[in-house]
Amino acid sequence: MSKIDRQKIMDVLDGYDKEDITIATLGSHSSLHMFHGAKAEGFRTAVVCEKGREIPYKRFNVADEYIMVDKFSDIVNEEVQQELIDMNSIVFPHGSFVAYAGLDNIETIFNVPMFGNRDILRWEAERDLERKLMTESGIRIPKKINKPSDIKGTVMVKFPGARGGRGYFVANSTEEYDEKIDAMMARNWIEEEDIKAAHIEEYVLGCNYCIHYFFSSLKDEVELMGIDSRYESTIDGLVRVPAKDQLDIGADPSYVITGNHPVVMRESLLPQVFDIGDKITETAKGLIPPGFNGPFCMQTLVNDDLEVVVFEMSARSDGGTNTFMNGSSYSYLYYGEPLSMGRRMAMEIKNGIAEDRLEEIIT
Ligand code: AMP
């Protein structure tokens, strides 16, 4: 199926009453602050929600309209799309939206105007594209090891798809790699297909910082909105077990995200943070026009040489934005009041309408 013609989306947007816009998204992931922020900026909000999952939106009272569906993936159904368009909806994408709607559908059949760049989402999902963007940006990323027999030193082994780190492992030699592959197969955490697609990279020993940026196309500037750190099972549970018992347990750590902590970085690291944001957004403009537009996240590890090493990115609102629903130490600095990512997104839409530039930030 061919990609949606941009003109088709612009025609839908043209038909909207700009005084009566609804901000809509799937009820999951990081939608609470999107709805809350949209309401704070004066928009109506609509949640597309799987039956049984509506409780948080009711209890926190952040949604004006409920579009109830049997399953989240129904958001791409024609009737649901029409309902959204009838409400003059602009969709805010997030991780669950991309997962349930499906990348192919977002690119080919989802005609509802979206905030962001719908073409950049694939660059997060496909590891080769992601590496291309990062390499061309000239930012520090973990070195790639081309084949298991080349393993020297500690490596991290990853498999395709966003699976919350399930099946990832650390190895120090080719033999250990082979042993752990067998163990992961026995646990049914990986399949034969995954082994062929295994990605091996330098293990970066350091602390985890997931940096949430907002790229304003209207201002042509990157803003630092907040930073979180991941709370992952089983690795974060394992470190609470005394070393001698860790050996007895014989557990291989896994990296399944269960939550996030808000963090701040040493102030002396912030020049690197802005440099990464500037470089990646500049490169993206050329590779995937119009480039980043709105929220994105660079997942990093900071080693004891104080290098910020980027190992992954989200090309849309990342789940860690939930750590600053009432603003972060950084987002506060811009506006002198608590500012969530969702509210910043809604502000951009509001500014786009006021400056008559909405079509520049919608795809
Ligand atoms: P990911 O699925 O790529 O977000 O990775 C899941 C987790 O694995 C991360 O949160 C890190 O804790 C860890 N991790 C990923 N890549 C590396 C690496 N190159 N070196 C060390 N730890 C890593």
Side-chain angles (χ1 to χ4, degrees), residues 29-30 94-96 98-99 121-135 139-148 150-173 176-177 180 184 189-190 194 197-213 226-240 251-263 265 276 280 295-323:
H29 197 265
S30 48
H94 53 56
S96 297
V98 176
L121 301 171
R122 188 168 289 284
W123 287 66
E124 153 190 348
E126 294 183 15
R127 208 181 297 280
D128 290 345
L129 291 178
E130 185 186 72
R131 276 192 85 82
K132 181 178 160 79
L133 173 59
M134 292 187 187
T135 311
I139 59 177
R140 170 81 164 91
I141 59 177
K143 291 171 193 80
K144 185 177 179 203
I145 286 93
N146 290 322
K147 48 185 192 306
D150 287 350
I151 297 175
K152 284 182 204 73
T154 311
V155 298
M156 176 102 191
V157 182
K158 302 181 175 185
F159 299 95
R163 50 176 81 202
R166 182 174 277 249
Y168 286 16
F169 64 83
V170 176
N172 290 288
S173 64
E176 198 180 333
Y177 173 91
K180 290 195 172 167
M184 290 298 164
W189 276 21
I190 57 169
D194 296 322
H199 168 84
I200 310 172
E201 67 184 30
E202 163 197 1
Y203 187 85
V204 181
L205 194 56
C207 303
N208 174 235
Y209 295 88
C210 297
I211 309 168
H212 303 278
Y213 298 94
I227 309 179
D228 83 279
S229 179
R230 302 285 139 104
Y231 207 27
E232 294 164 338
S233 265
T234 57
I235 187 70
D236 289 311
L238 260 182
V239 296
R240 295 170 61 87
D252 284 319
S254 53
Y255 300 84
V256 178
I257 293 172
T258 60
N260 311 73
H261 316 275
V263 287
M265 271 188 179
I276 290 168
I280 200 102
F296 68 101
C297 173
M298 303 303 275
Q299 297 164 36
T300 76
L301 292 157
V302 179
N303 61 25
D304 57 3
D305 288 329
L306 296 176
E307 285 178 299
V308 182
V309 186
V310 180
F311 64 90
E312 186 75 89
M313 71 169 188
S314 303
R316 32 78 201 164
S317 163
D318 178 279
T321 53
N322 288 332
T323 56

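We use all heavy atoms of the structure for the numbers below, so side chains are in, but hydrogens, waters and symmetry mates are not. The shown structure was predicted, so the numbers you read here are calculated from the model rather than taken from an experiment. Each ligand, and each atom within it, is numbered from 1 in the order the structure gives.
- Of the listed residues (Met313, Gln299, Glu232, His199), the one carrying the non-hydrogen atom nearest atom 12 (O) of ligand 1 is Glu232.
- For Phe311, every heavy-atom contact with ligand 1 shorter than 4.0 Å involves the side chain, none the backbone.
- Only the side chain of Leu301 comes within 4.0 Å of ligand 1, counting heavy atoms alone; its backbone N, CA, C and O stay farther away.
- Ion pairing between Lys147 and Asp150 holds under the 4.0 Å rule for side-chain N and carboxylate O.
- Residue Val204 has at least one N or O atom closer than 3.5 Å to an N or O atom of ligand 1.
- Arg230 and Asp318 are joined by a salt bridge, as a carboxylate oxygen and a charged side-chain nitrogen come within less than 4.0 angstrom of each other.
- Proximity of a side-chain donor or acceptor of Glu124 to a complementary backbone N or O of Ala315 within less than 3.5 Å is detected.
- Here's the thing with Glu201: one of its N/O atoms is less than 3.5 angstrom from an N/O atom of ligand 1.
- Relative ring orientation between Tyr255 and Tyr168 is described as tilted, the plane-to-plane angle lying within the 30° to 60° band.
- Only the backbone of Glu202 comes within 4.0 Å of ligand 1, counting heavy atoms alone; no side-chain atom from C-beta on gets that close.
- For ligand 1 and Lys158, the ligand atoms under 4.0 Å from any heavy atom of the residue are 3 (O), 15 (C), 16 (N).
- Glu202 is linked by a salt bridge (charged side-chain N to carboxylate O under 4.0 Å, His left out) to Arg140, Lys143, counting only residues two or more places apart in sequence or in another chain.
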| task | Assess whether side-chain contact (heavy atoms from CB on, under 4.5 Å) is satisfied between Asn208 and Leu301, documenting all intermediate values. | result | CA-CA 5 Å; Asn208 174 235; Leu301 292 157; 4.1 Å; yes
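- Of all atoms in ligand 1, numbered sequentially from 1 with element shown, those under 4.0 Å from a heavy atom of Pro142 are 19 (N).
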